[in-house]
2 protein chains.
Amino acid sequence: MARTTPTIYQVARRAGVSIATVSRVQAGHRAVTPATRARVRQVIDELDYRPSRSARALAGQAHDATGIVFPDLSGPYYSEVILGYEERASEAGQSVFILGTHGRARSNEQALELADRVDGLVVMGRTVDDAVVERMQAAGIPVVMLARPPVAATDTVRAENEASARALTEHLLDHGHRSFAFLGDPEGSPDVSERYLGFCAALRAAGTGVPPRPVPCGFREAEGHRAAAALLDSGPPADAIVAANDEIAIGAVRAARERGLRVPEDIAITGWDDIALAEHVRPGLTTVRQPLRELGATAAALLTERIRGTRTEPRHVLLPTALVVRASCGPHPEQEERR
Amino acid sequence: MARTTPTIYQVARRAGVSIATVSRVQAGHRAVTPATRARVRQVIDELDYRPSRSARALAGQAHDATGIVFPDLSGPYYSEVILGYEERASEAGQSVFILGTHGRARSNEQALELADRVDGLVVMGRTVDDAVVERMQAAGIPVVMLARPPVAATDTVRAENEASARALTEHLLDHGHRSFAFLGDPEGSPDVSERYLGFCAALRAAGTGVPPRPVPCGFREAEGHRAAAALLDSGPPADAIVAANDEIAIGAVRAARERGLRVPEDIAITGWDDIALAEHVRPGLTTVRQPLRELGATAAALLTERIRGTRTEPRHVLLPTALVVRASCGPHPEQEERR
DNA sequence: TTGTAAGCGTTATCAT
DNA sequence: ATGATAACGCTTACAA
């Protein structure tokens with residue numbers, strides 16, 4: 001694409017100054033006479049000059065851009081997080097790249113490519129290998145990890161999982177449930193891993209025997225449905241299913257119904273995230289709310305501090321979550337919502 | 001950020017060739033001896049060399065990036081469209097920028113800035129002024145418009161609105177409804193404008209007097225709730241509300257219920273989009289499904305053709321929509337879903 | 001087939 | 001306060 005927009009040279013010529021002066025004016029340096037500054041400013045406006053991003057980046061300045069890497073764009077979870085991120089980042093004057101890895105093998109490669117176009121980036125969960133992250137940081141680009149446990153000197157942002165999972169499970173125990181199942185893949189995501197830990201902790205503390213092994217399961221409704229169906233058809237009957245997220249739970253509710261089971265009378269089912277659906281689905285889903293937008297926004301904020309050099313000490317932010325009790329966990333005298 | 005990663009010079013030196021040769025190998029030019037090609041390749045691997053994006057862009061090549069500009073990230077609609085876009089674009093080897101304008105006044109400026117960092121971009125609805133789009137195109141960067149009626153030589157992608165709106169309204173008429181209201185702002189969005197047109201056409205054809213003026217309303221549930229509340233409290237009673245999207249409709253259902261009205265017995269309410277909630281909400285929402293992912297993916301595909309120069313003739317893609325009849329439009333003998 | 005060298009549009013370092 | 005001018009890392013004629 002031929003450059004049809006004016007360059008710094010044209011501005012300089014027309015204003016009767018050198019390109020250095022234009023650059024200074026443009027950058028807001030003080031060492032410029034008000035008179036010349038005004039003249040240059042006017043020419044800039046007349047020509048509608050705007051400096052080339054590539055040239056600027058090449059000359060060693062910043063990209064004024066950051067990126068966020070996530071596994072997949074589908075479902076409310078990622079959308080909300082990215083929304084929070086984009087909003088905060090663009091307020092801070094940064095353009096934002098998004099990269100969905102979609103489980104591709106090339107994701108490390110793609111992330112590394114992205115790293116070359118930004119001043120810093122956010123990495124969700126286990127989308128890229130730790131070695132890759134280290135290389136990025138070694139190359140001087142700040143990285144913030146999202147939805148992962150704290151790692152050494154890298155900033156991390158996550159929502160509380162274990163304690164809430166424990167509280168959730170205890171709530172189920174209070175309802176009298178004794179035979180549990182966990183739907184989700186602890187291996188696949190740090191979040192799920194922590195939730196499973198909290199789940200187990202509650203069961204152990206209650207002395208309900210050995211906690212069951214998790215039933216591995218992707219994050220989507222269809223996968224939850226399939227896993228729950230298999231579980232219900234084969235295993236010893238569970239009277240409570242703790243799902244790793246709301247979509248899985250909704251799939252599980254469907255599977256239970258298809259088998260003539262009533263929720264929560266015959267089987268209790270809980271979710272995680274508190275997506276919009278959780279409230280509207282029948283029965284209302286007992287779940288754990290996490291501040292999705294805030295997760296993204298916080299990541300953006302931490303990254304900005306790093307880029308600006310405002311802070312050098314690593315920070316590990318843990319955002320609070322809240323148990324949201326609805327109907328799917330068992331019979332309640334009246335509808336309540338605990339926080 | 002000092003460049004800590006190897007440059008083309010280091011590769012050249014180590015391979016004992018000139019930088020031009022390295023560049024050729026890297027670009028896959030054929031005019032290189034297999035022997036030297038192999039040697040260079042090996043050094044590239046050894047050093048893990050990857051060319052600087054900025055330098056490449058500056059040297060007149062491409063950015064290998066595109067962008068999408070949308071008004072706001074919230075709600076399933078935008079998320080889905082962006083998902084479809086990102087997936088297709090990144091398959092085509094392009095990094096993707098997202099820019100939410102959030103109704104900011106600076107949106108034109110931001111979009112123009114973005115235009116300098118990409119090889120082409122997609123603009124949704126009326127997020128940026130037409131004059132700005134023209135300037136981008138004049139500057140040689142291809143633009144694809146999303147969710148807008150065809151404009152001259154610019155590629156456009158949209159979903160069918162008017163005919164479906166008409167069919168939807170006719171369905172309501174078939175139910176016997178006669179007093180209608182339309183919730184949404186035709187001024188604010190081309191999509192809504194077309195839906196309102198189809199709505200009016202059906203009413204006129206039915207000879208049901210003058211179609212009502214639209215009740216302006218944002219796209220979110222809270223706004224739908226507020227608008228419906230005002231409508232129900234003040235105006236002459238409507239027995240059918242056509243909402244511009246599902247979220248508005250859900251808000252309207254809530255408002256109706258709060259006033260002791262049963263849906264659909266006392267009042268029918270329809271939505272648009274067929275988001276996940278539409279099926280689960282009570283009563284199931286009669287709505288119009290549009291292929292959200294496909295909208296984004298198609299925009300990406302058109303843009304890629306333009307960038308690659310594969311096509312120069314403008315294309316205007318109109319994706320089909322489908323009436324989805326559920327319970328909220330009126331009593332049905334049995335649950336059915338029409339396509 | 002390969003190398004030399006001229007840009008690409010900035011920023012930043014010197015002089016002046 | 002301002003102006004030359006050397007990077008920045010790459011692509012691409014043009015030579016050899």
Side-chain angles (χ1 to χ4, degrees), chain A residues 1-41 43-44 47-65 113 115-117 119 139-141, chain B residues 1-41 43-44 47-65 113 115-117 119 139-141:
Chain A
M1 172 184 94
R3 178 142 182 123
T4 58
T5 106
T7 74
I8 198 172
Y9 286 97
Q10 319 192 21
V11 175
R13 169 130 39 118
R14 183 143 168 185
V17 299
S18 76
I19 61 167
T21 300
V22 176
S23 181
R24 288 188 194 107
V25 170
Q26 220 285 328
H29 274 290
R30 40 153 81 250
V32 182
T33 298
T36 53
R37 178 198 306 285
R39 193 149 30 94
V40 172
R41 278 260 167 73
V43 175
I44 286 179
L47 266 41
D48 191 33
Y49 162 74
R50 64 190 75 240
S52 146
R53 270 18 253 287
S54 326
R56 209 178 242 196
L58 181 56
Q61 266 223 165
H63 293 272
D64 288 349
E113 273 235 334
D116 186 52
R117 338 180 72 140
D119 300 321
I141 109 140
Chain B
M1 171 184 94
R3 178 142 183 122
T4 57
T5 105
T7 73
I8 196 171
Y9 287 96
Q10 319 191 22
V11 175
R13 169 132 37 119
R14 182 143 169 186
V17 299
S18 75
I19 60 167
T21 300
V22 176
S23 179
R24 288 187 193 108
V25 170
Q26 219 286 327
H29 275 292
R30 40 152 84 248
V32 181
T33 299
T36 53
R37 177 196 308 283
R39 192 150 29 95
V40 172
R41 278 260 166 75
V43 175
I44 286 180
L47 266 42
D48 192 32
Y49 163 73
R50 63 191 74 239
S52 146
R53 259 39 204 25
S54 326
R56 204 177 245 195
L58 180 57
Q61 266 223 165
H63 293 271
D64 289 349
E113 273 234 334
D116 186 52
R117 338 180 74 140
D119 299 322
I141 108 139

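Numbered from 1 within each chain, the chains take letters A, B, ... in sequence-line order.
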Original post:
Which comes earlier along DNA chain C counting from the 5' end, the contact point of Val32(B) or that of Val22(A), where each point is its nearest nucleotide?
Top reply: Val32(B)
**OP:** For Thr21(A), answer base if it contacts any base atom (sugar-phosphate contacts may also be present), sugar-phosphate if it contacts only those atoms, and nothing otherwise; contact means non-hydrogen atoms under 4.0 Å.
**Re:** sugar-phosphate
Original post:
CD of Gln61(A) versus C1' of dT11(C): gap in Å, rounded?
Top reply: 7 Å
Original post:
Nearest to the side chain of Arg24(B) - dC10(D), dT2(C), dG3(D)?
Top reply: dT2(C)
Original post:
Hey, which of these two, Ala31(A) or Ile19(A), hits DNA chain D nearer its 5' end, going by closest nucleotide?
Top reply: Ala31(A)
**OP:** Measure from CZ on Arg117(B) to P on dT10(C) and round the result to the nearest Å.
**Re:** 14 Å
Original post:
What are the two closest heavy atoms between Leu58(A) and Ser54(B), and how far apart are they?
Top reply: N-CB, 3.9 Å
Original post:
Rounded to the nearest Å, what distance is computed from the CG atom of residue Leu47(A) to the C1' atom of nucleotide dG9(C)?
Top reply: 15 Å
**OP:** Take atom NE2 of His29(A) and atom P of dT2(D), then tell me their distance rounded to the nearest Å.
**Re:** 13 Å
Give the table of side-chain donor-acceptor pairs shorter than 3.5 Å for residues 13-24 of chain B, with sequence neighbours excluded, one pair per line with atom names and distance.
{"unit_1": "Arg14(B)", "atom_1": "NE", "unit_2": "Glu46(B)", "atom_2": "OE1", "d": "3.4"}
{"unit_1": "Arg14(B)", "atom_1": "NH2", "unit_2": "Glu46(B)", "atom_2": "OE1", "d": "2.8"}
{"unit_1": "Ser18(B)", "atom_1": "OG", "unit_2": "Ala20(B)", "atom_2": "N", "d": "3.3"}
{"unit_1": "Ser18(B)", "atom_1": "OG", "unit_2": "Thr21(B)", "atom_2": "N", "d": "3.4"}

**OP:** Rounded off to whole Å, could you give me the OH-to-C1' distance for the Tyr49(B) and dT11(D) pair?
**Re:** 10 Å
Original post:
Between atom NE2 in His63(B) and atom P in dT11(D), what is the gap in whole Å?
Top reply: 14 Å
**OP:** Could you pull out the closest heavy-atom pair between Glu113(A) and Arg53(B), with the gap in Å?
**Re:** OE1-NH2, 3.4 Å
**OP:** Test for a donor-acceptor pair under 3.5 Å between the base of dC10(D) and the side chain of Tyr9(B), counting only N and O atoms.
**Re:** yes
Subject >> Test item: Arg41(B) and Ile44(B) side chains (from C-beta on) under 4.5 Å apart, heavy atoms >> reply: no
**OP:** Report the distance from atom CG of Leu58(A) to atom P of dA6(D), rounded to the nearest whole Å.
**Re:** 17 Å
Original post:
Do side-chain atoms of Asp119(B) reach the backbone of His63(B) as a donor and acceptor pair under 3.5 angstrom?
Top reply: yes
Original post:
Nearest heavy-atom pair of Val32(B) and His29(B): which atoms, and what distance?
Top reply: CG2-O, 4.0 Å
**OP:** By nearest nucleotide on DNA chain C, pick out whichever of Ala20(B) and Gln26(A) is the more 5' one.
**Re:** Ala20(B)
Original post:
Would you say dT2(D) has OP1 or OP2 under 4.0 Å from some side-chain N or O of Ser18(A)?
Top reply: no
Original post:
What does the inter-axis angle of the helix from dT1(C)-dA16(D) to dT16(C)-dA1(D) come out as, five pairs per end, nearest 10 degrees?
Top reply: 40°
Original post:
Just how far, in rounded Å, is C1' of dG9(C) from CZ of Arg56(B)?
Top reply: 19 Å
Original post:
Is the shortest side-chain N/O distance from Thr33(B) to OP1 or OP2 of dT2(C) below 4.0 Å?
Top reply: yes
Subject >> N/O donor-acceptor pair, side chain Arg53(A) with base dG9(C), under 3.5 angstrom >> reply: no
Original post:
Does Thr33(B) reach the main-chain N or O of Ala35(B) with its side chain, forming a donor-acceptor pair under 3.5 Å?
Top reply: no
Original post:
Could you give the distance from CZ (Arg30(A)) to CZ (Arg37(A)), rounded to the nearest 0.5 Å?
Top reply: 9.5 Å
**OP:** Give one of base, sugar-phosphate or nothing for Thr36(B), where a contact means two heavy atoms less than 4.0 Å apart.
**Re:** sugar-phosphate
